[in-house]
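Treat the numbers as computed from the prediction; the structure is a model and nothing was measured.
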Amino acid sequence: MAESCSMRKTETTQAAYQWDTLPAIPDPTGFAGSFAGVSNGALLVAGGSNFPNGGTPWNGGTKTWYDKVFVLEDTGSTWKEAGKLPRPLGYGVSISLKEGLLIIGGSNAGGHYADSYLLEWKDDSLLTTAFPPLPVPLANTCGALAGNRIYVAGGLHAPDSKEAVNDFYMLDLSAAPESRQWQQLPTWPGAARMLSVAGASGNTFFLFSGAAFSKGERSYLRDAYHYHPDSGWKACATMPAATVAAPSPAATGVNGNLTIFGGDSGADAANAGTLRENHPGFPDSIYAYDPQQDAWALKGHILTERNPDAATNPIGSLWAPVTTPLVHWNGLLVMPGGEVRPGTRTPRVRTAAE
């Protein structure tokens, strides 16, 4: 691991977030699309993908998926390998339950999957328990736990899909385990999408932004919606910018407001293949949504720091990550790894605290 990966950067942004890093994930490249959550007080990070050995999408690099599960038992410890997923996997939904980390759907080089299973770190061992599978394979989707119900929205059914889907599923955890099954619910009143940001406040589920995908072309969305089991779907105020693939789910504050960290606005999407290593990274804006006022506000910026060698040594700089979960752990908002510019991963683990 490069020495720069162990550097810790602490600073307070205008939104009074205290930024720091946890020990880097023990991989020289890092992963995007990983699963992450909490089990028995420990932080788990599992799976994901990268382009190993300096590969990129434009130099013939091969995208590779992984099955490793890493555990960090407290903020003062180091990562260790806890075990393996049933298969290499990434780009599904992560839900932290009381019992452990629930993994839903996802993809690898072989296709997309409907499987769901619980990862539990107990007595220095990783336990894997099957959960009800989704009705269909689904990846590049989003989801959140609202009350006792897990919701999953949007995504792609297959790697060669030319259209995103508007699938909306719910799993009721208040039902007896033997009778649980996913239910398909009416969809939101907007475009089908993938790579959205989910959110939850009380029993209400939120769906923010995402990318429409039609005939193989992306468009970046700024619409948002919320769903309540008693009243169905309603539109939220239009977002200030698209936040595609931002760390998900959004952070929920004690006041019920939801906060989104960064995300891809699409501003550089058309030029990504030309910019390559000179891509400036993804936006660092932090947007807060107030459900009571149905209003958005710019809450600050993710702490970023570009070193002079950022083009050739991206791991040495601090970026705003995308395609990574957001996890509440030990009073911190944790963003483990992720993609920091197209095709480039990081092993850094960013944290924010108010």
Side-chain angles (χ1 to χ4, degrees), residues 1-5 24-36 45-70 79 81 84-85 87-92 94 105-113 139-141 155-156 158-161 194-195 211 213 216 218 244-248 262-264 266 268-283 304 306-307 309-325 335-350:
M1 185 68 63
E3 181 179 348
S4 57
C5 284
I25 294 168
D27 181 271
T29 303
F31 309 102
S34 295
F35 302 91
V45 175
S49 77
N50 64 24
F51 291 87
N53 304 317
T56 66
W58 43 83
N59 71 4
T62 300
K63 189 173 183 178
T64 303
W65 279 258
Y66 297 86
D67 59 5
K68 291 182 179 180
V69 181
F70 298 102
W79 291 98
E81 192 168 338
K84 295 184 182 297
L85 297 173
R87 61 169 64 91
L89 198 68
Y91 303 96
S94 303
S107 66
N108 63 23
H112 291 187
Y113 297 89
N140 296 345
T141 182
L156 298 174
D160 58 355
S161 294
M194 63 179 184
L195 299 172
F213 191 62
R218 287 191 188 190
V244 175
S248 182
D264 186 0
D268 293 305
N271 300 317
T274 302
L275 290 168
R276 298 186 177 184
E277 287 81 6
N278 294 312
H279 191 285
F282 300 105
T304 60
R306 305 288 195 280
N307 293 336
D309 65 349
T312 57
N313 179 31
I315 292 173
S317 293
L318 288 171
W319 311 76
V322 300
T323 56
T324 187
M335 291 163 262
E339 189 170 12
V340 296
R341 64 189 183 203
T344 301
R345 277 57 170 158
T346 181
R348 286 181 177 267
V349 180
R350 305 294 307 274

Quiz item: Is there a donor-acceptor pair under 3.5 Å between the side chain of Arg345 and the backbone N or O of Gly337?
Solution: no
Exercise. Would you confirm whether Ser94, through its side chain, and Ala36, through its main-chain N or O, come within 3.5 Å as a donor-acceptor pair?
Key: yes
Quiz prompt | Closest non-hydrogen atom pair between Gly338 and Pro321, with its separation | solution = CA-CB, 4.4 Å
Self-check item: Interatomic distance, Phe31 atom CZ to Thr64 atom OG1 [nearest 0.5 angstrom]
Solution: 10.0 Å
Practice problem: Mind checking the OG1-NZ spacing from Thr56 to Lys63? Nearest 0.5 Å is all I need. | Solution: 13.0 Å
Quiz item: Is it true that a side-chain atom of Trp319 and a backbone atom of Pro314 form a donor plus acceptor pair closer than 3.5 Å?
Solution: yes
Quiz item: Given the rule in the side chain to side chain contact (heavy atoms under 4.5 Å, CB included) test, do Asn108 and Arg87 qualify, once you have shown the distances and angles that lead to the verdict?
Solution: CA-CA 9 Å; Asn108 63 23; Arg87 61 169 64 91; 3.6 Å; yes
Quiz item: Can you tell me if Ser34 uses its side chain to pair, donor with acceptor, with the backbone of Gly47 under 3.5 Å?
Solution: yes
Exercise. Calculate, to the nearest 0.5 Å, the distance between atoms OG1 and CZ belonging to Thr304 and Phe282 respectively.
Key: 13.5 Å
Quiz item: If you round to the nearest 0.5 Å, how far is CG of Asn50 from OG1 of Thr62?
Solution: 11.0 Å
Quiz item: Can you check side chain to side chain contact (heavy atoms under 4.5 Å, CB included) on Leu89 and Phe35, steps first, answer last?
Solution: CA-CA 9 Å; Leu89 198 68; Phe35 302 91; 3.8 Å; yes
Quiz prompt | Under 3.5 Å donor-acceptor, Asn59 side chain and Gly54 backbone | solution = yes
Quiz item: For the side chain of Asp67 and the backbone of Lys84, is there at least one donor-acceptor N/O pair under 3.5 Å apart?
Solution: no
Self-check item: Non-hydrogen atoms of Ser161 and Phe213 that approach each other most closely
Solution: O-CE2, 3.2 Å
Exercise. State the CG-NE2 distance between Asp160 and His112, to the nearest 0.5 angstrom.
Key: 8.5 Å
Quiz item: OH of Tyr91 to OG of Ser49: how many Å apart, nearest 0.5 Å?
Solution: 3.0 Å
Quiz item: Stepwise, does the side chain to side chain contact (heavy atoms under 4.5 Å, CB included) test hold for Asp264 with Glu339?
Solution: CA-CA 11 Å; Asp264 186 0; Glu339 189 170 12; over 6 Å; no
Quiz item: Shortest non-hydrogen contact from Pro57 to Gly343?
Solution: CD-CA, 3.9 Å
Quiz item: Can you check whether Trp79 reaches Val349 side chain to side chain, under 4.5 Å on heavy atoms?
Solution: yes
Quiz item: Within a strict 4.5 Å, meaning less than it, do heavy atoms of the Leu85 and Val69 side chains meet?
Solution: yes
Quiz item: What's the shortest heavy-atom distance between Gly263 and Ala246, and which atoms?
Solution: CA-CB, 3.6 Å
Self-check item: Arg306 side chain vs Pro280 backbone, donor-acceptor pair below 3.5 Å
Solution: yes
Quiz item: Is a donor on one side and an acceptor on the other found under 3.5 Å between the side chain of Thr324 and the backbone of Pro336?
Solution: yes
Self-check item: Donor-acceptor pair, side chain of Arg341 and main chain of Glu277, under 3.5 angstrom
Solution: yes
Quiz item: Distance-only, no hydrogens or angles: does the Asn307 side chain make a donor-acceptor pair with backbone N or O of Asp309 under 3.5 Å?
Solution: no
Practice problem: Please indicate whether Asn53 has more than 12 foreign heavy atoms, meaning atoms of other residues, nucleotides or ligands, lying under 6.0 Å from its CG. | Solution: no
